[in-house]
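Within every chain, numbering begins at 1; the chains are lettered A, B, ... in the order of the sequence lines, protein sequences first and strands thereafter.
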Protein chains: 2
Amino acid sequence: MESTLQIICKWKSVIIYHLLDKKVCHFGQLQHELKDCSRRMLALQLNDLEKDGIIKKNIHQFNSLKTDYQLTEFGKTLEPVITSMANWGKIYNQKRS
Amino acid sequence: MESTLQIICKWKSVIIYHLLDKKVCHFGQLQHELKDCSRRMLALQLNDLEKDGIIKKNIHQFNSLKTDYQLTEFGKTLEPVITSMANWGKIYNQKRS
DNA sequence: CTGAATCCTTAGGGATACTG
DNA sequence: CAGTATCCCTAAGGATTCAG
């Protein structure tokens, strides 16, 4: 329970949510989706997720640098957790003070 | 999604988890379950949950003071979210660095 | 474009003491 | 027992700069 929370806390659940949807995302794409998350914070969260074996990072060197991220098989096991969160949010979002 | 996270972050998911199980808990019971959560922090989290309509607080005055907490009907709608988190934690807890 | 490093400020949260 | 208020300190995280 607490361990699950460590994995999905902060921006991580949102990142995973997008990776479940898009399959693959560049750093910039994620930055675009997570408007309120700074570049520094995004990088930290991605590092955590990679360290925990949730996501895999791929680096491509063209003239410039391009990386992308995708869920590992292990990361995909979080799908039920993330979707149940997303569903609850969709249904009960109006309940705000 | 983000809104869901606001509701279950920190100790809140653990609190909800116990309330789903026990139905009713006194402040002291929760304090006992959440060993690493200070009394101050527990009170803050409970305040948040009450403000968001997730839990209901009942106060009983005997010679001393006794309060208990239980989930509201709205709070119970979080059950799928909490149990999917708990299940994932049970299965993949070994994955630690 | 994708990050890591450094600096700097704020607020999250513990310890303690006080109330009913 | 169940909380609130105050003090105080650490660390989370933004802004900015440097690097590949």
Side-chain angles (χ1 to χ4, degrees), chain A residues 1-3 5-16 18-19 22-72 75 97, chain B residues 1-3 5-16 18-19 22-72 75 97:
Chain A
M1 177 85 251
E2 288 93 332
S3 67
L5 205 54
Q6 300 297 329
I7 301 289
I8 65 173
C9 64
K10 300 244 195 90
W11 294 100
K12 292 179 188 142
S13 58
V14 187
I15 295 172
I16 299 171
H18 284 296
L19 288 180
K22 311 274 184 59
K23 310 303 179 191
V24 169
C25 278
H26 298 174
F27 188 89
Q29 287 182 282
L30 289 169
Q31 217 180 344
H32 181 75
E33 302 287 352
L34 288 71
K35 294 289 188 195
D36 296 331
C37 181
S38 69
R39 190 166 37 142
R40 180 182 180 280
M41 190 45 47
L42 179 54
L44 289 176
Q45 303 285 294
L46 289 170
N47 282 346
D48 282 356
L49 288 171
E50 191 185 8
K51 199 169 304 176
D52 285 332
I54 307 294
I55 63 175
K56 171 98 176 62
K57 171 181 178 175
N58 305 300
I59 306 181
H60 308 287
Q61 271 290 0
F62 302 106
N63 43 4
S64 75
L65 180 60
K66 203 81 176 174
T67 62
D68 61 58
Y69 296 89
Q70 53 186 315
L71 291 170
T72 62
S97 50
Chain B
M1 176 84 253
E2 287 92 333
S3 67
L5 204 54
Q6 300 296 329
I7 301 289
I8 64 173
C9 65
K10 300 243 195 87
W11 295 99
K12 291 179 188 142
S13 58
V14 187
I15 295 173
I16 298 171
H18 285 296
L19 288 180
K22 312 275 182 59
K23 310 302 179 193
V24 170
C25 276
H26 297 174
F27 187 89
Q29 287 182 282
L30 288 169
Q31 217 180 344
H32 180 75
E33 302 286 353
L34 286 72
K35 294 291 188 193
D36 295 331
C37 182
S38 69
R39 190 167 33 141
R40 179 182 181 279
M41 190 45 46
L42 179 55
L44 289 177
Q45 303 285 295
L46 289 171
N47 284 344
D48 281 356
L49 287 171
E50 193 187 6
K51 198 169 305 175
D52 284 332
I54 306 295
I55 63 174
K56 171 99 177 59
K57 172 179 178 174
N58 305 299
I59 305 182
H60 309 287
Q61 271 289 359
F62 302 106
N63 42 3
S64 77
L65 179 60
K66 203 79 176 173
T67 61
D68 61 57
Y69 296 89
Q70 53 186 316
L71 291 172
T72 61
S97 52

Student: Using a cut-off of strictly less than 4.0 Å, decide whether B/T67 has a side-chain nitrogen or oxygen near OP1 or OP2 of D/dG3.
Tutor: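 Yes, such a contact exists.
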Student: Judged by each residue's nearest nucleotide on DNA chain C, which is more toward the 5′ side, B/C37 or A/K66?
Tutor: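 It is A/K66, whose closest nucleotide lies nearer the 5' terminus.
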Student: Taking the side chain as every heavy atom from C-beta outward, state whether A/L42 and A/F27 have any atom pair closer than 4.5 Å.
Tutor: yes
Student: Report the distance from atom CE of A/M41 to atom P of C/dG3, rounded to the nearest whole Å.
Tutor: 15 Å
Student: Nearest whole Å is fine: how far is C/dG20 P from B/L65 CG?
Tutor: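 Those two atoms, CG and P, are 12 Å apart.
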Student: Have a look at the helix from C/dC1-D/dG20 to C/dG20-D/dC1 and give the angle its two end axes make, five pairs each, rounded to 10 degrees.
Tutor: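 Between the axes fitted at each end of the helix from C/dC1-D/dG20 to C/dG20-D/dC1 lies an angle of 40°.
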Student: Return the 5'-most residue of the pair B/Q61, A/Y69 with respect to DNA chain C, ranking by each residue's nearest nucleotide.
Tutor: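 With B/Q61 and A/Y69 compared, the 5'-side residue is A/Y69.
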Student: Between A/L46 (CG) and C/dT2 (C1'), how many Å, whole number?
Tutor: 11 Å
Student: Rounded off to whole Å, could you give me the CG-to-P distance for the A/D68 and C/dT2 pair?
Tutor: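 Interatomic distance, CG of A/D68 to P of C/dT2: 10 Å.
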Student: Do the non-hydrogen side-chain atoms of B/L46 and B/K57 ever get within less than 4.5 Å of each other?
Tutor: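 They are not in contact (no side-chain heavy atoms under 4.5 Å apart), so the answer is no.
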Student: Grab the N/O contacts between the protein and nucleotides 4-7 of chain C below 3.5 Å, and write none if there aren't any.
Tutor:
unit_1: C/dA4; atom_1: OP2; unit_2: A/N47; atom_2: ND2; d: 3.4

Student: It should be established whether B/S38 places a side-chain nitrogen or oxygen under 4.0 Å from OP1 or OP2 of nucleotide C/dG13.
Tutor: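 Negative; the distance criterion is not met.
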Student: Taking atom C1' of C/dG12 as reference, at what distance in whole Å does atom CG of B/D48 sit?
Tutor: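 In whole Å, C/dG12 C1' and B/D48 CG are 13 Å from each other.
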Student: For C/dG12, take OP1 and OP2 only and decide whether either is under 4.0 Å from a side-chain N or O of B/K10.
Tutor: no
Student: Scan the side chains in residues 64-71 of chain A for donor-acceptor partners under 3.5 Å anywhere in the protein, sequence neighbours excluded, and list what turns up.
Tutor:
unit_1: A/D68; atom_1: OD1; unit_2: A/N58; atom_2: ND2; d: 3.0
unit_1: A/D68; atom_1: OD2; unit_2: A/H60; atom_2: NE2; d: 2.8

Student: Whole angstroms only, please: what is the CD-P distance between A/Q31 and C/dC1?
Tutor: 9 Å
Student: Please state how far atom CG in B/L34 lies from atom C1' in D/dG3, giving the value in whole angstrom units.
Tutor: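 Answer to the nearest Å: 16 Å.
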